[in-house]
Amino acid sequence: MKVSNFFFNTLREAPSDAALKSHIYLLRGGFIKQSSTGIYSIMPIGLRVLRKIEDIIRTEMNEVGGLEMDLPLVQTAELWSESGRYQIIGEELLRFKDRTGHPMVLAMTHEEAVTDLVRSVLSSYKQLPFMLYQFKIKYRDEARARGGLIRVREFIMKDAYSFHSTQEDLDQYYQRVYDAYVRIFRRVGIEPVVVQSDTGIMGGKVAHEFMLDTPNGEDYLILCNHCGLQANREIATFARKPYQGKDLPLEKVATPSKQSIEEVSTFLGIPAEATAKCVFFDVDGKLVTALVPGHLEISEVKLRNLLKAKLLVPADDALIRKSGMIPGYGSPIGCTQTRVIIDEALASAKDVVVGANEEGFHYAHCVPARDFTPGYEVADLAQADSGCGCPSCGKDLTSTRGIELGNIFKLGTKFSESMGAKFLDESSKQQPAIMGCYGIGVGRLMASVIEQSHDDWGPIWPKSIAPFQVLVVSLAKDEPVMQAADKLYKDLQDAGVDVLYDDRPERAGVKFKDADLWGIPCRISVGAKGLAEGKVEWKLRKQKDFELISLQEIVDKTLGWITE
RNA sequence: CGGAGUGUAGCUCAGUCUGGCUAGAGCGCCUGGUUUGGGACCAGGAAGUCGGGGGUUCGAAUCCCUCCACUCCGACCA
């Protein structure tokens with residue numbers, strides 16, 4: 001491809017609404033154009049990167065026996081009612097009516113569609129197992145798209161679905177996909193952090209997320225640097241260090257207008273760990289009171305999973321007071337009208353400060369096991385944080401942020417059961433297929449590679465997914481230089497190299513700046529000086545300096561570099 | 001959905017507070033010339049419903065009302 005024939009633009013300055021490096025360089029290099037919030041057009045050079053990422057994923061999916069197919073983007077509401085998700089999922093699912101007034105949705109994921117497809121074909125265990133996958137537009141009506149391609153509304157996802165006759169078969173296959181995922185991310189230049197994750201509205205029990213470790217990530221990860229345990233903070237378990245004070249009788253203390261943990265602990269001169277944080281939730285219209293040690297946060301995901309709640313939101317004052325609790329001074333002591341759940345750490349804590357359920361008063365020296373009457377439940381409720389104990393080795397955990405690149409779920413029979421994707425087993429018994437599902441956001445992956453690989457001048461693509469592997473630049477308009485550059489371009493093309501040729505009559509500086517913004521990993525410059533000695537300049541994007549290579553050797557050197 | 005902010009040329013922005021000539025600059029783009037190794041220079045040129053609507057006023061990019069779009073933080077997130 002010649003640049004003079006290419007449709008592109010590069011920006012000297014970054015648009016002011018881009019904050020992340022990946023967003024800035026995708027815009028400046030002309031890879032993408034924003035159409036509206038979270039919706040982007042992909043320019044030719046950007047599509048070349050996306051396609052190369054897709055090819056890598058496709059190869060690895062085929063490697064584990066995947067079969068590529070294509071499912072509809074527009075689906076009927078009935079399909080989503082069958083699984084129950086039409087009712088459960090909120091506004092993120094875009095609903096609309098077709099011309100006949102029939103309720104429809106834009107698919108945000110394809111479990112329903114694939115299960116519908118499979119149930120129409122599946123009848124016997126002899127057909128199992130198999131895995132179907134696709135690269136498909138998803139639409140999610142995100143409350144807040146952000147960060148360029150990191151979080152968008154419309155995006156291409158590789159989604160894959162496997163079907164099995166036994167749990168063992170799924171377990172085994174799940175591990176194969178896990179390994180394939182690690183290979184995929186390594187091939188695009190990312191060493192993923194794999195964490196245990198919540199299964200959310202997908203149902204199922206086991207799930208992993210493949211994350212890019214970066215301060216710009218929107219997920220929080222809990223890691224143990226000693227034993228290697230890794231989990232999403234939403235579900236990370238940890239070893240408690242319950243506060244152990246003195247054995248003293250409960251004592252009511254005045255804490256006038258001190259409501260927050262910080263205010264109370266400062267006022268009483270005690271550490272935050274020596275308090276109990278009392279948080280109220282509205283769970284399907286009923287008040288649930290949850291308590292964690294004062295220095296920790298509640299994990300709403302843990303609570304939601306525990307309660308199997310559909311809707312869990314912070315309770316408003318009216319609901320709290322109606323149930324006999326006082327906001328800011330709440331505690332389970334003497335409370336009878338709400339369900340009380342306390343974190344494991346509090347169950348064995350001693351001498352903590354809790355609310356007195358009375359405006360302006362707290363209780364000191366509380367021993368929950370002794371004083372929380374009439375009753376309570378104990379659960380893993382608190383969100384792990386750096387400094388908490390590792391649940392397997394006991395050492396301190398650390399916290400970091402990450403971008404979720406892909407995930408894998410053991411779905412089980414959630415969809416096959418509710419939608420009737422069943423088969424006859426060896427003993428002629430009807431069984432629901434056991435499913436797994438596996439996703440990767442392609443555009444997000446492209447952006448993540450830049451997040452991890454760039455310098456002050458632009459992205460640095462690994463050659464596996466670069467828009468072109470090699471860029472040939474002519475540095476002068478005079479005939480000998482142009483002819484030599486033309487010939488080199490043709491020679492490289494003939495040798496099968498994926499090459500872009502900057503044949504524009506621009507100054508060298510302009511071409512070099514564009515080359516950096518395109519991030520093409522190898523640049524070969526043809527100039528008058530070098531040509532006088534029969535040489536051209538060879539420079540890798542990630543290196544500072546170039547070396548002179550003779551025209552006779554340059555094609556072989558390039559081929560050698562490509563197959564390195 | 002809460003909080004904060006921004007909307008003037010393709011991009012970056014000035015002008016708005018304190019209303020007043022024909023709405024500006026740099027970059028980019030077009031024409032001609034001069035240049036030619038890290039975003040050159042000179043001359044000329046095209047390009048704007050000042051986000052939309054309504055209002056106040058002799059007069060609105062500027063003041064008021066309202067709607068919209070976009071960004072960031074938070075909530076939410078298969």
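Keep in mind it's a predicted model, so treat the numbers as computed, not measured. Numbered from 1 within each chain, the chains take letters A, B, ... in sequence-line order.
- Rounded to a whole angstrom, the distance from the P atom of G33(B) to that of C11(B) is 31 Å.
- Side chain of P15(A), nearest nucleotide from G38(B), U12(B), G37(B): U12(B).
- The 12-atom threshold is exceeded at CD of Q87(A), counting heavy atoms of other residues, nucleotides or ligands nearer than 6.0 Å.
- Residue L27(A) is out of contact with every strand shown, counting any heavy-atom pair closer than 4.0 Å.
- Each of G441(A) and W457(A) lies near RNA chain B, and the nucleotide nearest W457(A) is the one positioned closer to the 5' end.
- Following rounding to the nearest Å, R146(A) (CZ) and C73(B) (C1') show an atom-to-atom distance of 9 Å.
- Using a 4.0 Å heavy-atom cutoff across all strands shown, K138(A) reaches no nucleic acid atom at all.
- Nucleotides A14(B) and A75(B) are separated by 37 Å at their C1' atoms, to the nearest Å.
- Test V292(A), L291(A), L381(A), I298(A) against V279(A) for side-chain contact (heavy atoms from CB on, under 4.5 Å) and you get one pass: I298(A).
- Separating the CZ atom of R233(A) from the P atom of C76(B) is a distance of 11 Å, rounded to the nearest angstrom.
- For the pair Q383(A)/E300(A), no side-chain contact is recorded, criterion being any heavy-atom separation below 4.5 Å from C-beta on.
- Taking 4.0 Å as the cut-off between side-chain N and carboxylate O, R233(A) and D219(A) do not count as a salt-bridged pair.
- Within the shown strands, nothing qualifies as a pairing partner of U35(B) under the Watson-Crick or G-U definition with both distances less than 3.5 Å.
- Comparing C76(B), C72(B), G38(B) by their closest approach to the side chain of R523(A) singles out G38(B).
- The separation between E533(A) atom CD and G37(B) atom P is 17 Å, rounded to whole Å.
- Taking the six-membered ring for Trp, F210(A) and Y178(A) have ring centres closer than 6.0 Å.
- When heavy atoms are screened at a 4.0 angstrom cut-off, G147(A) is found touching the sugar-phosphate backbone but no base atom.
- Residue S16(A) places at least one side-chain N or O under 4.0 Å from the OP1 or OP2 atom of C13(B).
- A salt bridge links E111(A) with R85(A): the distance from a Lys NZ or Arg NE/NH1/NH2 to an Asp or Glu carboxylate oxygen falls below 4.0 Å.
- Distance L548(A) CG to G37(B) P: 16 Å, rounded to the nearest Å.
- For K539(A), the NZ atom is densely surrounded, since the number of other residues' heavy atoms within 6.0 Å is greater than 12.
- Ring centroids of W461(A) and F31(A) are separated by less than 6.0 Å, placing the two rings close together.
- In this structure C1(B) sits in a base pair with G74(B), meeting the Watson-Crick or G-U test at under 3.5 Å.
- Counting any heavy atom pair closer than 4.0 Å across all strands shown, D159(A) reaches no nucleic acid atom.
- Distance noted for atom P between C58(B) and A69(B): 35 Å (whole Å).
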What's the verdict on salt bridge (Lys or Arg N to Asp or Glu O under 4.0 Å) for R304(A) and D198(A), showing C-alpha distance, side-chain angles and the deciding distance? CA-CA 11 Å; R304(A) 183 179 298 125; D198(A) 182 44; over 6 Å; no
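- The side chain of R144(A) lies closest to G74(B), out of G39(B), G74(B), G37(B).
- The gap from the C1' atom of C27(B) to that of C41(B) amounts to 15 Å, rounded to the nearest Å.
- The pairing partner recorded for A14(B) is none, the criterion being a Watson-Crick or G-U wobble arrangement whose two distances lie under 3.5 angstrom.
- Taking atom C1' on both nucleotides, A60(B) is separated from A47(B) by 24 Å, rounded to a whole Å.
- A donor-acceptor contact closer than 3.5 angstrom is absent between the side chains of T237(A) and D380(A).
- A gap of 12 Å separates the C1' atoms of U62(B) and A23(B), to the nearest Å.
- One can place NZ of K511(A) at 15 Å from C1' of A40(B), the figure rounded to the nearest angstrom.
- Separating the CE atom of M482(A) from the C1' atom of U36(B) is a distance of 13 Å, rounded to the nearest angstrom.
- A18(A) comes within 4.0 angstrom of no nucleic acid atom, judged by non-hydrogen atoms across all strands.
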Each nucleotide of nucleotides 26-35 of chain B classed B (base within 4.0 Å of a protein heavy atom), S (only sugar-phosphate) or -, in 5' to 3' order, makes BSS------B
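- Within 4.0 Å (heavy atoms only), E234(A) reaches no atom of the nucleic acid at all.
- Put simply, CG on D514(A) is 18 Å from P on C11(B), counting in whole angstrom units.
- The nucleotide whose nearest atom lies closest to any side-chain atom of L11(A) is, among C11(B), C76(B), G39(B), C11(B).
- Of the listed residues (K542(A), K544(A), R541(A)), just one forms a salt bridge (Lys or Arg N to Asp or Glu O under 4.0 Å) with D455(A), and that residue is R541(A).
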Between the protein and nucleotides 66-70 of chain B, which nitrogen or oxygen pairs are less than 3.5 angstrom apart?
unit_1	atom_1	unit_2	atom_2	d
C70(B)	OP1	T37(A)	N	2.8
C70(B)	OP1	T37(A)	OG1	3.0
C70(B)	OP2	T37(A)	OG1	3.2
C70(B)	O5'	T37(A)	OG1	2.7
C70(B)	O3'	Q34(A)	NE2	3.4
C70(B)	O2'	D17(A)	OD2	3.4

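- Atom-to-atom, CG of D219(A) to P of G74(B) comes out at 12 Å; the value is rounded to the nearest Å.
- Using a 4.0 Å heavy-atom distance criterion, A143(A) is classed as a base contact.
- Remark: the separation of the P atoms in U31(B) and C21(B) is 35 Å, to the nearest Å.
- Taking atom C1' on both A9(B) and U49(B), the two are 13 Å apart, rounded to the nearest angstrom.
- Other residues, nucleotides and ligands contribute over 12 non-hydrogen atoms within 6.0 Å of the NZ atom of K136(A).
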